[in-house]
Amino acid sequence: MSTSTLIQQVTLVNEGQIQVTDILIVGERIREIGSIPAQDEFVVIDGKGKYLLPGVIDGQVHFREPGLTHKADLHSESKAAVAGGVTSFIDMPNTRPNTLNLEFLAEKYQIASQKSLANYGFLLGINGENLDEVLQWDTSGLLAITDDGLYFSGKGNILADRPDMLEKIFSTYKGLIAIHSEKEEIIEKNEEIYREQYGEDVPVKFHPLIRSEQACFEATERAISLAEKHGARLHILHLSTAKETALFRNDIPLSEKKITTEVSVHHLWFTDRDYEKKGTLIKWNPAIKTQQDAEGLLAALLDDRIDLITTDHAPHALEEKLKPYFQSMSGAPLVQHSLVCLLEFFHQGKISLEKITEKMCHNPAILYRIKERGFVREGYFADLVLVDLNHPWTVSKENILYKCGWSPLEGTTFHSQVTHTWVNGQLVFEKGTFHEGAKGKALEVWDLKN
């Protein structure tokens, strides 16, 4: 018999509204929203003074399995995710082997079905070697294809650097194409300038000048131009400059957009002023840039030129991060702390709860056409997160759940805390305790006609 859970008198943030209500979960789904009397068989959760949001859908993570499990795996990172209110994630293809065919893609789904506490989706990688094959496969059930992370496997794998490949994909592929947008030619020239001056140990403060605004803008401008030429669906991953935001529209709903973008939490949270203290711990590609860029990205998020918030969660072993500039790995873990970062911006008066929910929960579901998730609606899967907005806590080694064991946010105090997380109606996280009996489900996409 299905467990029934009643969340009483909770403040629900959903679809642009905030209201005090009750939520009844029966089995995997939301049965009813409204004034609901308790019954003996219900598990009752007192929601008074707490805020309930749809579970966060993180549209860009690197959970490292298979092949790189010394730094992360699907169990450890999904555990960190649900502790942070993330109930679904979309993982990139730069595992080992790279996810460049349907066989490896199916293998990742199989591993996740046994290990992940959160719901899961995986993107198919595309590069020069598998392009012709991918364009012949039936990919109608996939969330998207992407080149993200594949530059680690060798030069020439960033699609934004290959207009010939973009032309071929945009003229043929009907699904969503998500790309890492930087111009490698510009980056390489900048690297040589700083190598001549500093050798192999370039100070990390020059990272945003090497992976520069120009490198980002020129790549994004060209990719958008080619996508518009062919009417393709293009998603620019982890936008990092204010200048790029002018290339995107906000005059039509997301469901009608063919050109979309996102911002990752770190490009809002950190600026180039933080390199002095944080060093290579905040080395990401694209680079964290100026205060003006962070402010411009937030403004574009608020006025809907930027469509969603992701983490680009990319854990590395600490020793991999602390190497000299050119050897230090790019990326850092964030999935446990993304929601509380945005809630901190709420406390600072920078963003509303409704907008956070739109960009972290609703819009990823709309963009990737994820079926029956991302909203608190009767009949939808009960992916839910309960938050206490007035429960200060500090990030420390003791409460970090990432397998890599560190965070660039160590020492940061947040005013909000995730107290409960439900995935498919199952309470998987409760005030620091995990219930790992049930595993997450594969994300399904709506039929293109819907």
Exercise for the section: Please collect all salt bridge (charged side-chain N to carboxylate O under 4.0 Å, His left out) contacts where either partner lies in residues 381-391, sequence neighbours excluded, each pair once. Expected result: R373-D383
Practice task
Would you mind telling me which of K115, E65, K403 makes a side chain to side chain contact (heavy atoms under 4.5 Å, CB included) with E77?
Solution key: K403
Exercise for the section: Run the numbers on K257 and D307 for salt bridge (charged side-chain N to carboxylate O under 4.0 Å, His left out), then give the verdict. Expected result: CA-CA 10 Å; K257 289 185 183 183; D307 302 293; 2.6 Å; yes
Handout entry: F248 six-ring face occupied by R305 cation (under 6.0 Å, within 45°)
Key = no
Exercise for the section: Applying salt bridge (charged side-chain N to carboxylate O under 4.0 Å, His left out), run through E372 and R29 and close with a yes or a no. Expected result: CA-CA 10 Å; E372 297 174 336; R29 297 181 182 263; 3.0 Å; yes
Handout entry: Within 45° cone and under 6.0 Å: K441 NZ/CZ vs Y120 ring
Key = no
Problem - Expected output: side-chain W393 to main-chain H415 donor-acceptor under 3.5 Å - result: no
Practice task
Taking atom types as modelled, find out whether S328 and K321 have a side-chain donor-acceptor pair closer than 3.5 angstrom.
Solution key: no
Problem - Ring-face cation of K278 near F270 (centre distance under 6.0 Å, axis angle within 45°) - result: no
Exercise for the section: Salt-bridge test for K355 and D304: reply yes if a basic N is under 4.0 Å from a carboxylate O, no otherwise. Expected result: yes
Handout entry: side chain to side chain contact (heavy atoms under 4.5 Å, CB included) partner of P286, chosen from E244, E182, H207
Key = E182
Problem - Side-chain H-bond candidate by donor/acceptor type, E354 with Q17, under 3.5 Å - result: no
Handout entry: I169 backbone acceptor or donor facing T172 side chain under 3.5 Å
Key = no
Practice task
Please find out if less than 6.0 Å separates the ring center of F429 from that of H435.
Solution key: no
Practice task
Hey, could you give me each pair passing salt bridge (charged side-chain N to carboxylate O under 4.0 Å, His left out) that has a residue in residues 84-111? Not counting sequence neighbours.
Solution key: D91-K108
Problem - Y51 atom OH, neighbour heavy-atom count above 12 within 6.0 Å - result: no
Exercise for the section: Establish, yes or no, whether a centroid distance under 6.0 Å links the rings of Y380 and W422. Expected result: no
Problem - NZ/K397: more than 12 non-hydrogen atoms of other groups inside 6.0 Å - result: yes
Exercise for the section: May I ask you to decide whether K168 forms a salt bridge with D132, counting only side-chain N to carboxylate O separations under 4.0 Å? Expected result: yes
Exercise for the section: Check whether more than 12 heavy atoms from other residues, nucleotides or ligands sit under 6.0 Å from atom CZ of R31, and answer yes or no. Expected result: no
Practice task
Assign the ring pair W269 / F345 to parallel, tilted or perpendicular, where the plane angle (0 to 90°) is split at 30° and 60°.
Solution key: tilted
Practice task
Compute the centroid of each ring, for H238 and then for H180, and state whether the two points are separated by less than 6.0 Å.
Solution key: yes
Problem - Aromatic ring proximity H230/Y173, centre distance under 6.0 Å - result: no
Handout entry: G440 backbone acceptor or donor facing N119 side chain under 3.5 Å
Key = no
